[in-house]
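Down below is the structure, laid out as C-alpha coordinates.
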Amino acid sequence: MQLYRVQAIVLNSYEMRDAHRVLTLYTREKGKVRAVAHGVVKPTSKKRGAVQPFCHTDFLLRRGRELDSVSQCEGREIFPALWADLDLMSYAGHATGLVDRLTADGEPDENIFSLLLSLLRVLEKTKDPELVIRSFELRLVALLGYLPYLDGCTSCGEAMPGPDNYFSPWAGGLICRNCRTPGVAEYFCGREAVSVMKALLAWELATVERIRVTRQAGAQIKLIMTEYIKWLTERRSGPLEFLEKVRDYKT
Amino acid sequence: MQYAGAVSRLIGELARLPGIGSKTAQRLAFFLLSEPPETAEKLASAIREARERVRRCSVCGNLTDLDPCRICTDEGRDKGIICLVQDPRDVAAVEKYRGFKGVYHVLHGVLSPLAGIGPEKLNIKNLLTRLEGGKVREVIVATNPDVEGDATALYLARLIKPLGVTVTRIAHGLPVGAHLEYADEITLGKAMEGRREI
(Lines give C-alpha, C1' and ligand atoms only; values in the text may rest on other atoms or scores of the structure.)
Protein backbone atom coordinates (compact mmCIF):
# COMPACT_ATOMS: atom_id res chain seq x y z
CA MET A 1 0.00 0.00 0.00
CA GLN A 2 1.23 3.47 -0.89
CA LEU A 3 -0.69 5.08 1.96
CA TYR A 4 -0.71 4.05 5.61
CA ARG A 5 -2.26 5.44 8.78
CA VAL A 6 -0.38 6.05 12.02
CA GLN A 7 -1.04 7.72 15.32
CA ALA A 8 2.02 9.75 16.27
CA ILE A 9 3.62 12.31 18.53
CA VAL A 10 5.71 14.90 16.69
CA LEU A 11 9.16 14.73 18.27
CA ASN A 12 10.91 17.40 16.25
CA SER A 13 11.02 19.03 12.86
CA TYR A 14 13.52 20.88 10.71
CA GLU A 15 13.24 23.11 7.69
CA MET A 16 13.60 21.64 4.24
CA ARG A 17 13.96 24.15 1.42
CA ASP A 18 11.75 27.17 2.05
CA ALA A 19 8.29 25.94 2.92
CA HIS A 20 8.60 22.24 3.81
CA ARG A 21 9.52 20.59 7.08
CA VAL A 22 10.92 17.15 7.80
CA LEU A 23 9.13 15.71 10.82
CA THR A 24 10.45 13.11 13.23
CA LEU A 25 7.43 11.17 14.49
CA TYR A 26 7.14 8.56 17.20
CA THR A 27 4.27 6.42 16.00
CA ARG A 28 2.28 3.85 17.94
CA GLU A 29 2.31 1.41 15.00
CA LYS A 30 5.77 1.76 13.43
CA GLY A 31 8.03 3.37 16.00
CA LYS A 32 10.15 6.28 14.86
CA VAL A 33 9.40 7.51 11.34
CA ARG A 34 10.60 10.53 9.38
CA ALA A 35 8.27 12.21 6.92
CA VAL A 36 8.16 15.40 4.87
CA ALA A 37 5.26 17.76 5.40
CA HIS A 38 5.07 19.81 2.20
CA GLY A 39 4.26 23.51 2.34
CA VAL A 40 3.44 23.57 6.06
CA VAL A 41 5.14 26.91 6.65
CA LYS A 42 2.67 28.70 4.37
CA PRO A 43 -0.34 30.34 6.05
CA THR A 44 -2.66 28.54 3.64
CA SER A 45 -1.51 25.05 4.69
CA LYS A 46 -4.23 22.98 6.35
CA LYS A 47 -1.68 20.66 7.97
CA ARG A 48 0.51 23.19 9.76
CA GLY A 49 -1.21 23.12 13.17
CA ALA A 50 -1.09 19.36 13.59
CA VAL A 51 2.58 18.97 12.62
CA GLN A 52 4.01 21.24 15.32
CA PRO A 53 6.33 19.63 17.90
CA PHE A 54 4.61 17.79 20.82
CA CYS A 55 1.30 17.39 18.89
CA HIS A 56 -0.50 14.06 19.16
CA THR A 57 -1.80 13.59 15.64
CA ASP A 58 -3.40 11.06 13.28
CA PHE A 59 -1.36 10.91 10.09
CA LEU A 60 -2.00 9.43 6.68
CA LEU A 61 1.50 8.98 5.27
CA ARG A 62 2.54 8.23 1.72
CA ARG A 63 5.53 5.97 1.15
CA GLY A 64 8.37 7.63 -0.72
CA ARG A 65 11.65 6.43 -2.18
CA GLU A 66 13.78 8.14 0.44
CA LEU A 67 11.35 9.83 2.80
CA ASP A 68 7.65 9.28 3.36
CA SER A 69 5.40 12.33 3.09
CA VAL A 70 2.36 13.58 4.95
CA SER A 71 -0.75 13.13 2.85
CA GLN A 72 -3.30 14.11 5.53
CA CYS A 73 -3.22 14.79 9.24
CA GLU A 74 -5.59 15.70 12.01
CA GLY A 75 -4.52 16.79 15.49
CA ARG A 76 -5.87 14.82 18.46
CA GLU A 77 -4.19 16.77 21.28
CA ILE A 78 -2.14 19.91 20.85
CA PHE A 79 -1.04 20.66 24.45
CA PRO A 80 -1.37 24.46 24.30
CA ALA A 81 -0.03 24.92 27.87
CA LEU A 82 3.37 23.59 26.75
CA TRP A 83 3.59 26.41 24.23
CA ALA A 84 2.79 29.08 26.77
CA ASP A 85 5.60 28.40 29.24
CA LEU A 86 9.32 28.40 28.45
CA ASP A 87 10.15 25.85 31.19
CA LEU A 88 7.42 23.40 30.15
CA MET A 89 8.38 23.81 26.49
CA SER A 90 12.00 22.96 27.35
CA TYR A 91 11.02 19.93 29.45
CA ALA A 92 8.76 18.65 26.66
CA GLY A 93 11.60 19.25 24.17
CA HIS A 94 13.99 17.34 26.43
CA ALA A 95 11.56 14.39 26.57
CA THR A 96 10.91 14.26 22.82
CA GLY A 97 14.65 14.69 22.17
CA LEU A 98 15.44 11.73 24.46
CA VAL A 99 12.93 9.50 22.67
CA ASP A 100 14.42 10.61 19.34
CA ARG A 101 18.01 9.86 20.38
CA LEU A 102 17.42 6.65 22.31
CA THR A 103 15.12 4.84 19.87
CA ALA A 104 15.87 3.38 16.45
CA ASP A 105 13.82 3.98 13.29
CA GLY A 106 10.99 1.54 12.66
CA GLU A 107 10.99 -0.20 16.07
CA PRO A 108 7.56 0.31 17.65
CA ASP A 109 7.10 0.18 21.42
CA GLU A 110 3.62 0.77 22.76
CA ASN A 111 4.98 1.45 26.27
CA ILE A 112 7.30 4.23 25.10
CA PHE A 113 4.51 5.81 23.08
CA SER A 114 2.13 5.71 26.07
CA LEU A 115 4.84 7.02 28.43
CA LEU A 116 5.59 10.02 26.20
CA LEU A 117 1.90 10.78 25.72
CA SER A 118 1.28 10.57 29.50
CA LEU A 119 4.23 12.87 30.12
CA LEU A 120 2.89 15.55 27.77
CA ARG A 121 -0.54 15.32 29.44
CA VAL A 122 0.92 15.47 32.97
CA LEU A 123 3.34 18.32 32.14
CA GLU A 124 0.39 20.52 31.20
CA LYS A 125 -1.08 20.25 34.69
CA THR A 126 1.72 19.52 37.13
CA LYS A 127 3.09 21.88 39.75
CA ASP A 128 6.45 20.10 39.85
CA PRO A 129 7.63 19.52 36.24
CA GLU A 130 11.19 18.84 37.43
CA LEU A 131 10.12 15.76 39.41
CA VAL A 132 7.84 14.57 36.60
CA ILE A 133 10.67 14.82 34.08
CA ARG A 134 13.01 12.84 36.40
CA SER A 135 10.37 10.13 36.64
CA PHE A 136 10.00 10.13 32.84
CA GLU A 137 13.77 9.81 32.38
CA LEU A 138 13.96 6.87 34.77
CA ARG A 139 10.99 5.10 33.18
CA LEU A 140 12.26 5.66 29.65
CA VAL A 141 15.74 4.29 30.36
CA ALA A 142 14.10 1.36 32.18
CA LEU A 143 11.91 0.58 29.15
CA LEU A 144 14.99 0.67 26.92
CA GLY A 145 16.88 -1.78 29.13
CA TYR A 146 19.02 0.67 31.08
CA LEU A 147 17.18 0.51 34.42
CA PRO A 148 19.64 1.80 37.03
CA TYR A 149 20.47 -0.84 39.66
CA LEU A 150 19.53 0.68 43.03
CA ASP A 151 19.42 -2.36 45.38
CA GLY A 152 23.10 -3.01 45.87
CA CYS A 153 26.62 -2.26 44.74
CA THR A 154 26.94 -3.09 41.04
CA SER A 155 30.53 -4.21 41.67
CA CYS A 156 30.65 -6.25 44.92
CA GLY A 157 26.91 -6.85 45.46
CA GLU A 158 26.84 -5.32 48.96
CA ALA A 159 23.25 -4.46 49.95
CA MET A 160 22.50 -0.77 49.55
CA PRO A 161 21.68 1.99 50.23
CA GLY A 162 24.34 2.18 52.90
CA PRO A 163 25.82 5.29 54.50
CA ASP A 164 27.91 6.19 51.45
CA ASN A 165 26.38 5.47 48.06
CA TYR A 166 27.63 6.68 44.72
CA PHE A 167 26.04 6.39 41.31
CA SER A 168 28.21 5.24 38.47
CA PRO A 169 26.85 5.98 34.96
CA TRP A 170 29.42 3.57 33.56
CA ALA A 171 28.28 0.70 35.85
CA GLY A 172 24.60 1.62 35.41
CA GLY A 173 23.77 1.81 39.11
CA LEU A 174 24.98 2.28 42.67
CA ILE A 175 28.50 1.62 43.76
CA CYS A 176 29.85 1.44 47.33
CA ARG A 177 32.72 3.50 48.69
CA ASN A 178 35.16 0.57 48.58
CA CYS A 179 34.46 -0.20 44.92
CA ARG A 180 34.87 3.35 43.63
CA THR A 181 37.38 3.66 40.82
CA PRO A 182 39.86 6.52 41.20
CA GLY A 183 39.58 9.03 38.37
CA VAL A 184 36.15 7.80 37.20
CA ALA A 185 33.18 10.18 37.52
CA GLU A 186 30.81 8.82 40.15
CA TYR A 187 28.16 10.91 41.88
CA PHE A 188 27.07 10.94 45.51
CA CYS A 189 23.62 9.47 46.00
CA GLY A 190 22.22 9.73 49.54
CA ARG A 191 19.69 7.35 51.11
CA GLU A 192 16.87 9.77 50.39
CA ALA A 193 17.86 10.14 46.74
CA VAL A 194 17.86 6.33 46.34
CA SER A 195 14.40 5.95 47.86
CA VAL A 196 13.00 8.86 45.83
CA MET A 197 14.38 7.34 42.61
CA LYS A 198 12.64 4.06 43.49
CA ALA A 199 9.40 5.94 44.18
CA LEU A 200 9.71 7.83 40.89
CA LEU A 201 9.78 4.46 39.14
CA ALA A 202 6.97 2.91 41.15
CA TRP A 203 4.39 5.71 41.39
CA GLU A 204 2.06 6.73 38.56
CA LEU A 205 3.49 9.60 36.51
CA ALA A 206 0.47 11.75 37.33
CA THR A 207 1.05 11.35 41.08
CA VAL A 208 4.83 11.74 41.42
CA GLU A 209 4.47 15.43 42.22
CA ARG A 210 3.14 14.32 45.62
CA ILE A 211 6.50 12.74 46.56
CA ARG A 212 8.26 14.87 49.16
CA VAL A 213 11.88 15.56 48.20
CA THR A 214 14.42 17.77 49.93
CA ARG A 215 16.30 20.24 47.75
CA GLN A 216 19.54 18.32 48.41
CA ALA A 217 18.14 14.96 47.24
CA GLY A 218 16.46 16.63 44.26
CA ALA A 219 19.81 18.13 43.20
CA GLN A 220 21.56 14.75 43.60
CA ILE A 221 18.95 12.99 41.43
CA LYS A 222 19.11 15.73 38.80
CA LEU A 223 22.90 15.45 38.54
CA ILE A 224 22.79 11.65 38.47
CA MET A 225 20.15 11.48 35.73
CA THR A 226 21.81 14.24 33.68
CA GLU A 227 25.13 12.38 33.77
CA TYR A 228 23.55 8.96 33.21
CA ILE A 229 21.66 10.22 30.15
CA LYS A 230 24.76 12.00 28.91
CA TRP A 231 26.64 8.72 29.20
CA LEU A 232 23.89 6.81 27.34
CA THR A 233 23.38 9.36 24.56
CA GLU A 234 26.98 10.63 24.45
CA ARG A 235 25.81 14.26 24.60
CA ARG A 236 24.15 16.78 26.88
CA SER A 237 20.46 17.56 26.51
CA GLY A 238 20.03 20.66 24.31
CA PRO A 239 16.70 21.77 25.84
CA LEU A 240 17.95 21.46 29.44
CA GLU A 241 21.09 23.40 28.58
CA PHE A 242 18.87 25.98 26.90
CA LEU A 243 16.78 26.27 30.07
CA GLU A 244 19.90 26.87 32.17
CA LYS A 245 21.14 29.48 29.68
CA VAL A 246 17.80 31.28 29.70
CA ARG A 247 17.68 31.29 33.49
CA ASP A 248 21.26 32.48 33.88
CA TYR A 249 21.47 34.88 30.92
CA LYS A 250 22.52 38.34 31.99
CA THR A 251 23.03 40.97 29.34
CA MET B 1 29.49 13.72 -16.54
CA GLN B 2 32.88 15.37 -16.01
CA TYR B 3 33.22 19.07 -16.86
CA ALA B 4 36.30 21.24 -17.32
CA GLY B 5 37.78 22.48 -14.01
CA ALA B 6 36.32 26.02 -14.17
CA VAL B 7 32.83 24.80 -15.17
CA SER B 8 32.85 22.18 -12.48
CA ARG B 9 33.90 24.78 -9.89
CA LEU B 10 31.11 27.14 -11.01
CA ILE B 11 28.53 24.32 -10.70
CA GLY B 12 29.92 23.44 -7.29
CA GLU B 13 29.63 27.04 -6.03
CA LEU B 14 26.09 27.48 -7.39
CA ALA B 15 24.99 24.20 -5.83
CA ARG B 16 25.98 25.57 -2.40
CA LEU B 17 23.18 28.16 -2.60
CA PRO B 18 19.96 27.33 -0.71
CA GLY B 19 17.27 25.56 -2.74
CA ILE B 20 19.65 24.77 -5.62
CA GLY B 21 20.51 21.17 -6.33
CA SER B 22 23.18 19.88 -8.71
CA LYS B 23 20.81 19.77 -11.74
CA THR B 24 19.67 23.38 -11.26
CA ALA B 25 23.28 24.42 -10.66
CA GLN B 26 24.26 22.86 -14.00
CA ARG B 27 21.38 24.65 -15.75
CA LEU B 28 22.38 28.02 -14.24
CA ALA B 29 26.06 27.48 -15.06
CA PHE B 30 25.35 26.65 -18.70
CA PHE B 31 22.94 29.61 -18.97
CA LEU B 32 25.71 31.95 -17.78
CA LEU B 33 28.22 30.40 -20.16
CA SER B 34 25.88 30.58 -23.15
CA GLU B 35 24.99 34.26 -22.60
CA PRO B 36 27.26 37.16 -23.61
CA PRO B 37 30.11 37.77 -21.11
CA GLU B 38 28.40 40.96 -19.78
CA THR B 39 25.61 38.92 -18.18
CA ALA B 40 28.05 37.05 -15.97
CA GLU B 41 30.03 40.22 -15.26
CA LYS B 42 26.91 42.13 -14.19
CA LEU B 43 25.91 39.31 -11.87
CA ALA B 44 29.42 39.06 -10.43
CA SER B 45 29.65 42.80 -9.82
CA ALA B 46 26.15 42.91 -8.26
CA ILE B 47 27.14 40.15 -5.85
CA ARG B 48 30.48 41.82 -5.05
CA GLU B 49 28.92 45.24 -4.53
CA ALA B 50 26.13 43.90 -2.30
CA ARG B 51 28.63 41.90 -0.26
CA GLU B 52 30.96 44.91 0.18
CA ARG B 53 28.34 47.59 0.90
CA VAL B 54 25.56 45.79 2.74
CA ARG B 55 26.03 45.38 6.48
CA ARG B 56 23.95 45.29 9.62
CA CYS B 57 22.41 48.56 10.84
CA SER B 58 24.10 49.47 14.13
CA VAL B 59 20.69 50.40 15.62
CA CYS B 60 18.17 47.78 14.47
CA GLY B 61 20.35 45.04 12.96
CA ASN B 62 18.55 45.11 9.60
CA LEU B 63 20.64 44.69 6.45
CA THR B 64 21.46 48.08 4.95
CA ASP B 65 23.91 49.98 2.76
CA LEU B 66 23.57 53.09 4.99
CA ASP B 67 24.27 53.07 8.70
CA PRO B 68 21.90 53.77 10.48
CA CYS B 69 19.40 52.42 7.97
CA ARG B 70 16.69 54.45 6.21
CA ILE B 71 13.96 53.21 8.55
CA CYS B 72 15.90 54.13 11.71
CA THR B 73 16.61 57.66 10.40
CA ASP B 74 13.09 58.28 9.04
CA GLU B 75 11.68 61.22 11.05
CA GLY B 76 8.12 60.27 10.10
CA ARG B 77 8.30 57.01 12.05
CA ASP B 78 7.27 56.54 15.66
CA LYS B 79 10.45 55.52 17.56
CA GLY B 80 8.32 54.63 20.58
CA ILE B 81 7.09 51.39 18.98
CA ILE B 82 9.55 48.66 18.03
CA CYS B 83 8.52 45.63 16.00
CA LEU B 84 10.76 42.66 16.78
CA VAL B 85 11.34 40.28 13.87
CA GLN B 86 13.57 37.26 13.52
CA ASP B 87 14.94 37.89 10.04
CA PRO B 88 15.59 40.87 7.69
CA ARG B 89 13.11 39.29 5.25
CA ASP B 90 10.40 39.75 7.88
CA VAL B 91 11.03 43.53 7.84
CA ALA B 92 10.22 43.51 4.12
CA ALA B 93 7.12 41.39 4.80
CA VAL B 94 5.76 43.77 7.47
CA GLU B 95 6.64 46.80 5.32
CA LYS B 96 4.43 45.40 2.55
CA TYR B 97 1.46 45.92 4.88
CA ARG B 98 2.21 49.70 4.91
CA GLY B 99 0.15 50.25 8.06
CA PHE B 100 3.04 49.98 10.54
CA LYS B 101 4.73 53.31 11.23
CA GLY B 102 7.05 52.30 14.05
CA VAL B 103 10.64 51.02 13.79
CA TYR B 104 12.12 47.51 13.74
CA HIS B 105 14.62 45.38 15.55
CA VAL B 106 16.01 42.27 13.84
CA LEU B 107 17.00 39.41 16.15
CA HIS B 108 18.82 37.38 13.45
CA GLY B 109 17.41 34.11 14.69
CA VAL B 110 15.13 32.66 17.32
CA LEU B 111 15.60 30.80 20.57
CA SER B 112 15.24 27.08 20.11
CA PRO B 113 14.64 24.90 23.17
CA LEU B 114 14.79 21.81 20.93
CA ALA B 115 18.13 22.69 19.30
CA GLY B 116 19.53 24.33 22.44
CA ILE B 117 19.98 27.80 20.83
CA GLY B 118 20.15 30.32 23.67
CA PRO B 119 19.80 34.12 23.93
CA GLU B 120 23.54 34.75 23.54
CA LYS B 121 23.21 33.92 19.80
CA LEU B 122 20.61 36.65 19.13
CA ASN B 123 20.78 40.43 18.72
CA ILE B 124 19.29 41.08 22.18
CA LYS B 125 21.96 43.26 23.83
CA ASN B 126 21.38 46.05 21.26
CA LEU B 127 17.66 45.84 21.89
CA LEU B 128 18.09 46.36 25.63
CA THR B 129 20.39 49.33 24.92
CA ARG B 130 17.62 50.84 22.76
CA LEU B 131 15.10 50.35 25.55
CA GLU B 132 17.33 52.00 28.18
CA GLY B 133 16.51 55.57 27.07
CA GLY B 134 12.91 55.20 28.31
CA LYS B 135 11.47 56.53 25.04
CA VAL B 136 10.11 53.18 23.86
CA ARG B 137 6.47 52.58 24.88
CA GLU B 138 5.75 49.27 23.19
CA VAL B 139 7.60 46.27 21.78
CA ILE B 140 5.62 44.13 19.33
CA VAL B 141 7.02 40.60 19.16
CA ALA B 142 6.46 39.49 15.55
CA THR B 143 8.35 36.19 15.56
CA ASN B 144 6.75 33.25 13.73
CA PRO B 145 3.93 31.48 15.59
CA ASP B 146 5.78 28.19 16.08
CA VAL B 147 7.66 26.59 19.00
CA GLU B 148 10.81 28.65 18.45
CA GLY B 149 8.94 31.90 17.81
CA ASP B 150 6.76 31.44 20.88
CA ALA B 151 9.77 30.54 23.05
CA THR B 152 11.49 33.74 21.90
CA ALA B 153 8.37 35.79 22.61
CA LEU B 154 8.00 34.33 26.11
CA TYR B 155 11.66 34.94 26.92
CA LEU B 156 11.65 38.52 25.63
CA ALA B 157 8.45 39.34 27.51
CA ARG B 158 10.14 38.07 30.70
CA LEU B 159 13.19 40.25 29.94
CA ILE B 160 11.49 43.45 28.77
CA LYS B 161 8.39 43.79 30.98
CA PRO B 162 10.37 44.70 34.14
CA LEU B 163 11.72 47.74 32.22
CA GLY B 164 8.19 49.19 32.18
CA VAL B 165 7.71 48.69 28.43
CA THR B 166 4.45 47.17 27.11
CA VAL B 167 5.17 43.89 25.30
CA THR B 168 2.60 42.69 22.78
CA ARG B 169 2.49 39.66 20.48
CA ILE B 170 1.10 39.78 16.94
CA ALA B 171 -2.34 38.14 16.73
CA HIS B 172 -2.62 34.53 15.59
CA GLY B 173 -5.62 33.20 13.78
CA LEU B 174 -7.23 32.47 10.46
CA PRO B 175 -5.68 33.80 7.27
CA VAL B 176 -7.85 36.17 5.24
CA GLY B 177 -10.12 34.21 2.90
CA ALA B 178 -9.76 30.93 4.81
CA HIS B 179 -12.78 28.78 5.71
CA LEU B 180 -13.38 27.76 9.34
CA GLU B 181 -14.01 24.11 8.46
CA TYR B 182 -10.46 23.75 7.13
CA ALA B 183 -8.78 25.41 10.10
CA ASP B 184 -6.74 23.26 12.48
CA GLU B 185 -7.32 23.17 16.24
CA ILE B 186 -4.31 25.26 17.25
CA THR B 187 -5.18 28.06 14.83
CA LEU B 188 -8.83 28.04 15.85
CA GLY B 189 -7.85 28.00 19.53
CA LYS B 190 -5.54 30.99 19.02
CA ALA B 191 -8.22 32.77 16.97
CA MET B 192 -10.74 32.29 19.79
CA GLU B 193 -8.23 33.45 22.42
CA GLY B 194 -7.41 36.57 20.40
CA ARG B 195 -11.02 37.51 19.57
CA ARG B 196 -11.99 41.17 19.90
CA GLU B 197 -15.11 43.21 20.17
CA ILE B 198 -16.54 44.65 16.92
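Residue numbers begin at 1 in each chain, while the letters A, B, ... track the order of the sequences. As a basis for the values below, the full set of heavy atoms in this structure was taken, side chains included, without hydrogen atoms, waters or symmetry mates.
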Query raised in the report: Which bit of A:Ala92 comes within less than 4.5 Å of chain B, counting heavy atoms only: side chain, backbone, both or neither?
Result: neither
Report task. Pick one of side chain, backbone, both or neither for A:Tyr14, based on which atoms fall under 4.5 Å of a heavy atom in chain B. Result -> neither
Query raised in the report: Between A:Ala50, A:Cys73, A:Ser13, A:Gly75, which has the largest tally of heavy atom pairs under 4.5 Å with chain B?
Result: A:Gly75
Report summary line: Result for side-chain contact (heavy atoms from CB on, under 4.5 Å) between A:Phe242 and one of B:Leu114, B:Ile117, B:Leu111 points to B:Leu111
Requested in this report: Sort A:Cys55 into side chain, backbone, both or neither according to what part of it lies under 4.5 angstrom from a heavy atom of chain B.
Outcome: side chain
Query raised in the report: Are more than 12 heavy atoms from other residues, nucleotides or ligands located less than 6.0 Å from atom CZ of B:Phe100?
Result: yes
Requested in this report: Determine whether more than 12 heavy atoms belonging to other residues, nucleotides or ligands lie under 6.0 Å from atom CZ of B:Arg55.
Outcome: yes
**Report entry** Which portion of B:Thr129 sits near chain A, non-hydrogen atoms under 4.5 angstrom
**Finding:** neither
**Report entry** B:Leu188, part contacting chain A, at a heavy-atom distance under 4.5 Å
**Finding:** neither
Query - Closest-packed option against chain A by number of heavy-atom pairs under 4.5 Å, given B:Asn144, B:Val147, B:Asp150, B:Asp146 - result: B:Val147
Report summary line: Honestly, the part of A:Asp85 sitting under 4.5 Å from a heavy atom of chain B is backbone
Query raised in the report: For A:Gln52, is it the side chain, the backbone, both or neither that has a heavy atom under 4.5 Å from a heavy atom of chain B?
Result: side chain
